[in-house]
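Okay, structure first, notes after.
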Amino acid sequence: MALLITNIKELIQIRESTIQKVSGKEMAELPTCKNAWLLIEDDVIKDFGTMDSCPPIGSNEHIDATGKMVLPAWCDSHTHLVYAGNRVQEFEDRINGLSYEEIAARGGGILNSAKKLNETSEDDLYNQSCLRLEEVMQLGTGAIEIKSGYGLSVAGELKMLRVIKRLKQAYPIAIKATFLGAHAFPAEYKQNHSGYIDLIINEMLPQIAEEKLADYIDAFCETNYFSVAETERIMEAGNKAGLQPKIHVNQFTAIDGIAACVKHNALTVDHLEIVEDRDIEALKNSNTMPVALPGCSFFISIPYTPARHLLQAGLPLALATDFNPGTTPSGNMNLVVAMACIKMKMTAEEAINAATLNGAYAMGLSHTHGSITVGKKANVIITKSIPSYYQLPYAFGSNIIDTVILNGKTL
Ligand SMILES: N=CN[C@@H](CCC(=O)O)C(=O)O
Ligand SMILES: [Zn+2]
């Protein structure tokens, strides 16, 4: 089954397969091809070029993309899309003056979501999660990471990860699962941190590894959550079980967690709203990808990740949504790209690189996703007729998407 897209005004993010991520100054370059065609065969990109070399339409399915642009589907490397219910009440409390930390200290926040999740059946949780996944696919996301972390009990964490497994089997989007048992300490372990970490390492992890339910391991390394030493225990155990770390760190405070993450070969360090020079030094010459989550900064009014400092230091950066009920109830990568340009002063080229190729790297998927490359998955967005790709951040909030194609099939 082949699909030929012709007369593409601009084919965006065309790369050789050897490029797995872009860093520093390289992020300002977004290779494109004007007046282009793209041939998709089954679920992969077969070839592309300029219209003067366009193959005949013949028996291929055909889309005429006159005036429209084509880019790789978004790669959202950090979400908590599987959750039960919502936290609208806390949103109202914050409007009325409480901070995220104050709400968490009163037993709200992550523990509130954990209570709801443990009272929800697996089927109900799956059905709620399907709706969110379908929504983000329509918004152009073609690869996504989903975390556990609202179970905080053996049964709850396994329930979340089994739901993620069912989503993987049911949808054409690429999904990576991350085990986030170390998201918060359940109330009964508040005075017994090592007891809860023992539960994670000795009870949860072996079952998760046995059932192959997770690809990565995560922890919330933060003041009042998991200390650097506690996070190191989690990372060590994860690495031993074959789960590479992807860690929440530097969201509210800088406590030298980033250096520890690099030491333990973390694939990503995520949030980084508060970054010290020593954090940047720790990331230099490492394979660890920093991930910014501007939707979280926007929603709970905290600083934005200092993208310009990271890029000036020659580091790469990925952008993701952080879709979750507490700090970011939105999985819209288009809005994330716009916020990165508007609030973090990233150029559209940098933001698109961060939300595609570098996002794919942040899920270990850059060999198959994140760029228009012969042999990669045919996951593309066809835009509406737009004057330039700057329309995306400029007309923030407008829907510029005409068609989403995942694994070669139109949604
Ligand atoms: N910071 C930790 N975890 C989530 C928020 C979780 C919640 O509030 O439910 C985040 O990435 O922002
Ligand atoms: Zn998160």
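Atoms within a ligand are numbered from 1 in the order they appear, just like the ligands themselves. Residue indices begin at 1 and follow the sequence shown. Side-chain atoms are counted along with the backbone in the values below, which use heavy atoms only and exclude waters and symmetry mates.
- Panel detail: the Zn ion (ligand 2) has protein N, O or S atoms under 2.8 Å away, 4 in number.
- Residues T383 and L392 fail the side-chain proximity criterion, which asks for heavy atoms closer than 4.5 Å.
- Figure legend: cation-pi geometry between R132 and Y83, with NZ or CZ positioned under 6.0 Å from the six-membered ring centre and within 45° of its axis.
- In this structure, H369 has its ring center at least 6.0 angstrom away from the ring center of H367.
- The side chain to side chain donor-acceptor pair (under 3.5 Å) search around S77 returns none, not counting sequence neighbours.
- Near ligand 1, residues H78, H80, R87, Y100, I110, Y150, H183, F220, H248, Q251, H271, D322, N324, G326, T327 each place a heavy atom inside the 4.0 Å sphere around the ligand atoms.
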What verdict does the side chain to side chain donor-acceptor pair (under 3.5 Å) test give for D47 and W37, after you've listed the backbone C-alpha separation in whole Å, the side-chain angles of each residue and the deciding distance to 0.1 Å?
CA-CA 8 Å; D47 208 354; W37 56 271; over 6 Å; no

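- Proximity of the aromatic rings of Y304 and F298 is defined here by a centroid distance below 6.0 angstrom, and this criterion is not met.
- Residues meeting the side chain to side chain donor-acceptor pair (under 3.5 Å) test with H183, sequence neighbours left out: none.
- Taking 4.0 Å as the cut-off between side-chain N and carboxylate O, K147 and D322 do not count as a salt-bridged pair.
- A salt bridge between K240 and E236 is absent, with no side-chain N of the basic residue lying under 4.0 Å from a carboxylate O of the acidic one.
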